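Written out below as C-alpha cells is the structure these notes cover.
Per chain, numbering begins at 1; letters A, B, ... match sequence-line order. Quick caveat: nothing in here was measured; it's all calculated off a predicted structure. Values below: all heavy atoms of this structure, side chains included; hydrogens, waters and symmetry mates excluded.
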Amino acid sequence: MSEKDPLDDLPWPKPVEPGDAVSESIRRQCTHALIPTPCVRAHRRAALSLLLPMAAIALFTFLAILRGDTSDVVRAALYGVGGWALVIVVVLLGGLAFPPGRRPARRFRLFAALSIPVLFVLYITTTAAAHDSFSSFAQGATGYHAVRCGISCLMLGAIVTTGVLLLWRGTDPLTPGVSGALAGLVGGLGSALALGVACPSHEAWHVGISHGLVVVAMVGLGALVGRRLLAP
Amino acid sequence: MERYVEGSPHAFAELYRRVSPNLMGYLLRLTRDRGRAEDLLQVTFSKVHRARASYLKGAPVLPWLFAIARRSFLDERRAARSRNEELSSDGVVPEPKAEPEAVSNDVAEAIERAIDGLPEAYREAIQLTKISGLSIAEAASVLGASETAVKLRVHRGYNLLRKSLEQFSRSA
C-alpha cells in the first residue's frame with residue numbers, strides 16, 4: 001500500500017449511535033447498585049499462581065524427607081526441580097503477569113505452551129536413572145505403579161491447574177485459550193515436579209509417561225477449559 | 001474503566017458515551033441487523049459489568065471491549081446455528097439483510113454496499129482498523145490473528161473495495 005491511499009479520502013461509514021431505549025437500559029443495568037469491586041493486578045495474580053505449584057512441590061518434598069528418602073536420587077531430583085521451578089516463574093512472568101494486550105505476542109506464548117512440555121518430557125526421560133525395555137516396564141508391579149503414579153499426578157495437576165485457572169477467571173477476552181494452556185503448563189509442571197521428588201521410580205518409561213505426559217495433558221486441559229473460563 | 005471498576009457511575013457514563021457508537025458500528029457490520037446489534041451491545045455491556053472485577057488494570061480498554069463484543073457475536077451465531085433456526089430451503093443460515101441506513105449521498109451508499117459485499121474476514125479487519133479506529137496491533141489481538149495476517153486482510157479488502165468502487169464510478 002502506498003503512503004497516501006486514495007481510499008483514505010473516502011467518506012467511510014460513521015460510528016452508529018445505539019437507540020436511546022437501549023442506551024438507557026444498558027446505563028441502568030450497569031450503574032444499578034454499583035459498588036467498588038476489588039481489582040487484583042496481574043502481577044499479584046501471577047504471584048498467587050506461583051504459590052500453588054510451589055506449595056505442591058514443597059508438600060511432596062516434605063513427604064519424601066519424612067519418609068527418610070534423602071538419597072542421591074532425591075538430591076538429583078531436587079536439582080532438576082530448581083531449574084524447572086525457574087521455568088514456571090518465567091512462564092508466569094512472560095505469559096501471564098501483564099494485562100491482556102500488553103503480553104508477548106500470541107505466537108510466542110503458544111510456542112512456549114507447546115514446546116516446554118516436549119522439552120520437559122525429553123529432559124526427564126534422558127536424565128532418568130534407569131532405562132528398561134517397554135515390555136519389562138509395562139509388566140507386573142512396575143506397570144501397576146506407573147498407573148497409580150500417573151493417576152496421582154493427573155489429579156494433583158488438575159487441582160493445581162484449576163486453582164491457577166480460577167485465579168485468572170474472566171481476565172482475558174483476547175487469548176483465553178493460550179492463557180489457559182499456560183495455566184495448564186504451570187499446573188502440570190508443578191504436579192510432575194512434586195511427584196518427581198516423592199516418586200521412588202526413576203525409570204525412563206515411568207517418568208516419561210506417568211509424569212511427563214501429564215504436563216502435555218494439563219496444557220490441553222488448560223487450553224480447553226481456559227477458552228470458556230478465562231473469557232469474560 | 002478503572003474508575004468504573006472503583007464504582008463510579010459517571011465513569012461508566014463516560015465510557016459508554018465514548019465506546020458505544022464504535023461498538024454498535026462494529027456489531028452492526030457483523031450482524032447487518034440493527035435489532036440484533038443492539039441486543040449484542042446489551043449482552044456485551046452486561047458481560048463487561050459482570051466481569052469488571054476481573055479487568056486487569058493497565059489493559060487496553062478498546063481491544064478488551066471489542067473482543068468481548070466479538071465473542072458475544074460468535075456465541076450468538078453458534079447458538080442460532082445449533083438451534084437450526086431460520087434455515088432456508090437448502091439448509092443454511094441465511095445472511096441477514098443489510099439494514100437500509102440513512103446515507104448522505106451515493107458514494108457513501110456505494111461504500112456501505114461495497115464493505116458489506118466483502119468476505120467476513122476482510123470486512124471485519126477493515127471495520128476495526130479503518131472505521132472503529134483500532135491500531136493493527138489492537139485489531140490483531142481482537143481477531144486472535146497475527147499483525148501480518150490483519151495487514152494482509154486489510155490490504156486484500158482494500159483491493160476488493162477499490163474494484164467495487166471503480167465499477168461504481170464507471171456506472172455513475
Between [X] and chain B, which part of the residue has a heavy atom less than 4.5 Å away: side chain, backbone, both or neither?
{"X": "A:Arg41", "answer": "both"}
{"X": "A:Thr171", "answer": "both"}
{"X": "A:Arg44", "answer": "neither"}
{"X": "A:Arg169", "answer": "backbone"}

Problem - Under 4.5 Å from any heavy atom of chain A - which part of B:Leu41 - result: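 Answer is both: backbone and side chain atoms of B:Leu41 are under 4.5 Å from chain A.
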Problem - Toward chain A, the part of B:Ile115 with a non-hydrogen atom under 4.5 Å - result: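 Interface part for B:Ile115: side chain.
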How many angstroms lie between [atom1] in [X] and [atom2] in [Y], if you round to the nearest 0.5 Å?
{"X": "B:Ile126", "Y": "B:Ile111", "atom1": "CD1", "atom2": "CD1", "value": "11.0 Å"}
{"X": "A:Leu182", "Y": "A:Ser49", "atom1": "CG", "atom2": "OG", "value": "11.0 Å"}
{"X": "A:His206", "Y": "A:Cys199", "atom1": "NE2", "atom2": "SG", "value": "3.0 Å"}
{"X": "A:Ser191", "Y": "A:Leu52", "atom1": "OG", "atom2": "CG", "value": "12.5 Å"}
{"X": "B:Arg77", "Y": "B:Leu40", "atom1": "CZ", "atom2": "CG", "value": "11.0 Å"}

Exercise for the section: Please list, in residue-number order, every residue in residues 60-73 of chain B that has a heavy atom less than 4.5 Å from any heavy atom of chain A; write 'none' if there are none. Expected result: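 Within residues 60-73 of chain B, near chain A: B:Pro60, B:Pro63, B:Trp64, B:Ala67, B:Ile68, B:Arg71.
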Exercise for the section: Would you please go through residues 19-27 of chain B and name the residues with a non-hydrogen atom below 4.5 Å from one of chain A, in numerical order? Expected result: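 B:Ser20, B:Pro21, B:Asn22, B:Met24, B:Gly25 fall under the 4.5 Å cut-off.
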Problem - Polar side-chain atom of B:Glu38 near backbone of B:Gly35 as donor-acceptor pair, under 3.5 Å - result: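 Pair absent, no side-chain N/O of B:Glu38 close to backbone of B:Gly35.
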Practice task
Mark yes or no for whether B:Ser46, through its side chain, and B:Gln42, through its backbone, hold a donor-acceptor pair below 3.5 Å.
Solution key: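 The answer is no, because no donor-acceptor pair under 3.5 Å joins these two groups.
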Problem - Crowding at NZ, B:Lys57 (>12 non-hydrogen neighbours, <6.0 Å) - result: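 More than 12 within 6.0 Å, yes.
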Problem - Over 12 non-hydrogen atoms of neighbours within 6.0 angstrom of CZ in A:Arg227 - result: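 It does not: A:Arg227 CZ has 12 such atoms or fewer within range.
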Problem - Interface residue of largest heavy-atom contact number with chain B, from A:Ala42, A:Gly101, A:Ala105, A:Pro100, under 4.5 Å - result: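 Sorted descending by pairs with chain B, the first entry is A:Pro100.
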Highest number of heavy-atom pairs under 4.5 Å with chain A: which of [options]?
{"options": "B:Glu138, B:Lys47, B:Arg52", "answer": "B:Arg52"}
{"options": "B:Phe45, B:Tyr55, B:Phe12", "answer": "B:Phe12"}
{"options": "B:Ala51, B:Ala140, B:Gly133, B:Pro9", "answer": "B:Pro9"}

Practice task
Evaluate the criterion side chain to side chain donor-acceptor pair (under 3.5 Å) for residue pair B:Tyr4 and B:His10; output intermediate values, then yes/no.
Solution key: CA-CA 8 Å; B:Tyr4 167 47; B:His10 298 298; over 6 Å; no
Practice task
Please determine, by modelled atom types, if A:Ser179 and A:Trp168 share a side-chain donor-acceptor pair under 3.5 angstrom.
Solution key: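 Absent: no donor and acceptor within the cut-off.
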Handout entry: Any B:Leu30 side-chain heavy atom under 4.5 Å of B:Gln127 side chain
Key =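 Side-chain contact under 4.5 Å: no.
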Handout entry: Partner residues of B:Tyr16 under the side-chain hydrogen bond (donor to acceptor under 3.5 Å, both in side chains) criterion, sequence neighbours left out
Key =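 With sequence neighbours excluded, B:Tyr16 shows a side-chain hydrogen bond (donor to acceptor under 3.5 Å, both in side chains) to A:Ser23, given in chain and number order.
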Exercise for the section: Not counting sequence neighbours, which residues clear salt bridge (Lys or Arg N to Asp or Glu O under 4.0 Å) with B:Glu14? List them please. Expected result: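 If we apply the salt bridge (Lys or Arg N to Asp or Glu O under 4.0 Å) test to B:Glu14, skipping adjacent residues, the hits are B:Arg17, B:Arg18.
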